[in-house]
Number of protein chains: 2
Amino acid sequence: MTRIVKDPEKRRQEIVAAAKALFQTKSYEHTSMNDVMQSLGIAKGTIYHYFKSKEELLVAVTESIVSDSLPAIQRLVTETPGSALDKLHALIASTHLTAEDGIIQEHLRQPANQGMHTRLLATAFREQAPLYAELIRLGCDEGLFHTEYPLECAEFILAAVQFLTDIAIYPWTAEDLGRRVQAFPTLVETQLQAPPGSFAFLPDIFENRR
Amino acid sequence: MTRIVKDPEKRRQEIVAAAKALFQTKSYEHTSMNDVMQSLGIAKGTIYHYFKSKEELLVAVTESIVSDSLPAIQRLVTETPGSALDKLHALIASTHLTAEDGIIQEHLRQPANQGMHTRLLATAFREQAPLYAELIRLGCDEGLFHTEYPLECAEFILAAVQFLTDIAIYPWTAEDLGRRVQAFPTLVETQLQAPPGSFAFLPDIFENRR
DNA sequence: AACACGATGACCGACCGCCGGTCAATCAAA
DNA sequence: TTTGATTGACCGGCGGTCGGTCATCGTGTT
């Protein structure tokens with residue numbers, strides 16, 4: 001077959017892009033390296049020239065998804081007017097959408113996809129926690145919140161909420177979810193020592209995510 | 001080969017036990033159905049007669065691990081004397097050991113067996129959260145803690161702590177871990193509205209888990 | 001009471017398609 | 001001529017299937 005040589009950087013990005021599309025539509029586990037290679041019209045060896053395993057390709061894909069969505073999130077924070085709480089509200093409302101590249105695939109909700117999903121969450125989490133921490137710090141300056149550990153507090157809340165509402169991690173029942181979402185405002189307000197009602201908007205956001 | 005027929009219930013338990021041993025020593029991903037079948041001296045079809053997929057076998061194994069360890073935990077709670085806080089202390093100190101069947105395998109820490117690890121965590125979490133909730137409720141009665149949502153509060157804290165300290169979920173750095181563990185006492189005390197210092201014992205426990 | 005006889009379903013293991021991964025050969029570009 | 005990007009036939013092993021075997025046992029017959 002006629003051989004097409006490309007700039008390695010471009011080729012690498014092509015592979016990541018193709019794999020990303022497939023992983024998001026078919027899930028990581030159900031996408032074979034053959035699928036990736038065929039969707040690009042290249043040989044299997046070429047992929048393995050750039051990534052030494054399927055798992056390494058997964059890491060590259062998740063990092064790509066997360067880092068692509070970060071600038072948009074940062075812009076959102078700086079451009080949303082109002083108090084730290086207003087910015088937090090906007091950030092929370094937008095997070096899930098951006099974290100998964102604009103589309104929440106049904107496949108991502110299936111337990112089959114754990115490998116990619118957990119990794120994606122943890123990676124997104126790692127990059128986004130500092131943003132939340134900054135807003136919490138701002139809220140403390142405004143006298144709205146009170147905490148000695150803004151970053152750890154952000155991590156604490158984000159981790160809990162993610163773990164307890166993500167049915168790709170565990171098939172929680174509708175009762176579990178409803179019960180938790182109802183408690184979240186109070187729990188978060190307690191953790192941040194924020195005025196009662198500050199986070200009353202949380203249930204609405206989770207309602208819209210169904 | 002000579003055919004050995006056993007009570008289906010016994011056979012099923014044998015398979016789960018064998019799979020459990022292998023999953024814990026070699027990890028789920030690195031254990032093949034051939035391994036399981038050979039360790040029992042039975043045919044592959046027999047396993048598939050009882051479990052329709054490898055994943056279904058995993059579910060059975062995790063449920064077995066968790067439900068086996070539950071009675072011991074419950075006994076611990078009722079037998080530990082003192083306040084709700086004392087009981088909580090004992091419970092937290094013992095949790096990890098029991099949850100993974102007495103042995104924390106190095107393999108369980110490797111990202112390779114996410115599938116089993118996350119499922120194990122979530123299953124254990126589901127069964128154990130009510131226990132913690134009961135202690136929190138008790139603490140509220142004693143006037144030590146204050147919360148409207150004992151169960152959700154327990155879930156919140158457990159989920160956060162688990163997610164943020166488990167390096168099988170994500171390869172957190174030593175800095176991340178140290179930073180978080182240091183913040184945990186204050187965060188948990190805030191969440192439960194407990195007196196400062198109540199949970200000062202937390203860092204010690206995490207130190208011993210290395 | 002002893003036996004013969006289906007029916008049941010636990011059990012077997014050869015077999016399948018496919019998967020992730022390898023590598024010697026090839027060829028475009030510098 | 002050298003370099004390294006690219007190829008694709010090939011491999012061992014995986015999860016899973018399936019036609020078939022045989023131990024067990026309830027039931028009807030003697």
Side-chain angles (χ1 to χ4, degrees), chain A residues 1-23 25-62 107 110-116 119, chain B residues 1-23 25-62 107 110-116 119:
Chain A
M1 189 192 160
T2 57
R3 189 174 290 223
I4 301 171
V5 178
K6 296 196 178 179
D7 172 43
E9 192 53 38
K10 286 260 184 292
R11 180 71 90 187
R12 203 191 148 87
Q13 287 168 10
E14 269 182 26
I15 296 172
V16 170
K20 188 198 293 186
L22 287 168
F23 289 175
T25 52
K26 296 181 54 173
S27 92
Y28 170 67
E29 279 82 358
H30 295 140
T31 300
S32 69
M33 292 303 255
N34 272 308
D35 293 335
V36 177
M37 139 212 164
Q38 276 165 24
S39 87
L40 283 166
I42 62 175
K44 196 179 240 180
T46 305
I47 301 180
Y48 279 90
H49 179 69
Y50 290 93
F51 303 94
K52 72 173 200 276
S53 70
K54 192 188 179 189
E55 185 161 337
E56 193 172 295
L57 178 56
L58 171 61
V59 171
V61 166
T62 53
H107 293 282
Q110 288 170 9
N113 213 24
Q114 284 237 354
M116 175 170 179
R119 189 164 249 119
Chain B
M1 190 192 159
T2 57
R3 186 174 294 224
I4 302 172
V5 177
K6 298 196 178 180
D7 173 42
E9 192 55 39
K10 286 262 183 291
R11 179 70 91 187
R12 204 190 147 88
Q13 286 167 9
E14 269 182 26
I15 296 172
V16 169
K20 188 198 292 187
L22 287 169
F23 290 177
T25 52
K26 297 181 53 173
S27 93
Y28 171 67
E29 278 82 357
H30 295 139
T31 300
S32 70
M33 293 302 254
N34 272 306
D35 293 336
V36 178
M37 137 213 164
Q38 276 165 23
S39 87
L40 283 167
I42 63 172
K44 196 177 234 178
T46 304
I47 301 181
Y48 280 92
H49 178 70
Y50 288 93
F51 304 93
K52 71 173 201 273
S53 68
K54 190 187 179 187
E55 185 160 336
E56 194 169 281
L57 178 56
L58 172 61
V59 171
V61 167
T62 53
H107 294 283
Q110 289 170 9
N113 69 330
Q114 284 235 352
M116 175 171 178
R119 189 164 249 120

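Below, chain A is the first sequence line, B the second, and so on; all start at residue 1. Keep in mind that the numbers below use all heavy atoms, side chains included, and drop hydrogens, waters and symmetry copies.
Checked by atom type and distance alone, the side chain of K52(A) never pairs as donor or acceptor with a backbone atom of L57(A) at under 3.5 Å. Judged purely by atom type and a 3.5 angstrom limit, K20(B) has no side-chain atom pairing as donor or acceptor with the backbone of I15(B).
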Review item, side-chain donor-acceptor pairs of residues 34-48 of chain A, under 3.5 Å, at least two apart:
residue : atom : partner : partner atom : Å
D35(A)  : OD1  : S32(A)  : OG           : 3.4
D35(A)  : OD2  : K26(A)  : NZ           : 2.8
D35(A)  : OD2  : S32(A)  : N            : 3.0
D35(A)  : OD2  : S32(A)  : OG           : 3.3
S39(A)  : OG   : V36(A)  : O            : 3.1

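Side chain of K54(A), nearest nucleotide from dG16(D), dA5(D), dG20(C): dG20(C). The side chain of A43(B) has dC12(C) as its nearest neighbour among dT6(D), dC12(C), dA10(C).
Distances shorter than 4.0 Å separate some side-chain N or O of N34(A) from OP1 or OP2 on dC19(C). Note on R12(A): every side-chain N or O is 4.0 Å or more away from OP1 and OP2 of dA5(D). Residue S32(A) places at least one side-chain N or O closer than 4.0 Å to OP1 or OP2 of dC19(C).
For a distance-only test at 3.5 Å, the side chain of R3(B) fails to qualify as a donor-acceptor partner of the base of dC12(C).
A straight line from CG of L58(A) to P of dG20(C) spans 12 Å, rounded to a whole angstrom. In this entry the distance linking CG of L40(B) with P of dC12(C) reads 10 Å, nearest Å. One interatomic measurement links the two molecules: NE2 of H30(B) to P of dG21(C), which rounds to 10 Å at whole-angstrom precision. Taking atom CE on M37(B) and atom C1' on dG16(D), their separation rounds to 13 Å, with Å as the unit. Between the CD1 atom of I42(A) and the P atom of dG4(D) there is a distance of 20 Å, given to the nearest Å. One interatomic measurement links the two molecules: CD1 of I4(B) to C1' of dT24(D), which rounds to 15 Å at whole-angstrom precision. The nearest whole Å value for the distance from the CG atom in L22(B) to the C1' atom in dC14(D) is 15 Å. In this structure, Y28(A) atom OH and dC19(C) atom C1' are separated by 12 Å, rounded to whole Å.
Place S53(A) and D7(B) on DNA chain C by their nearest nucleotides, and D7(B) ends up nearer the 5' end.
Looking at heavy atoms from C-beta onward, E56(B) lies out of side-chain contact with Y50(B) at the 4.5 angstrom threshold. When side chains are defined from C-beta on, R119(A) counts as touching E55(A), because their heavy atoms get closer than 4.5 Å. A 4.5 Å side-chain heavy-atom check between V16(B) and F51(B) finds at least one atom pair inside the cut-off.
Listed by chain and number, the residues in a side-chain contact (heavy atoms from CB on, under 4.5 Å) with K6(A) are I4(A), R11(A), E14(A) (sequence neighbours excluded).
Remark: K44(A), G45(A), T46(A), H49(A), Y50(A) in residues 44-52 of chain A come within less than 4.0 Å of DNA chain D through at least one heavy atom.
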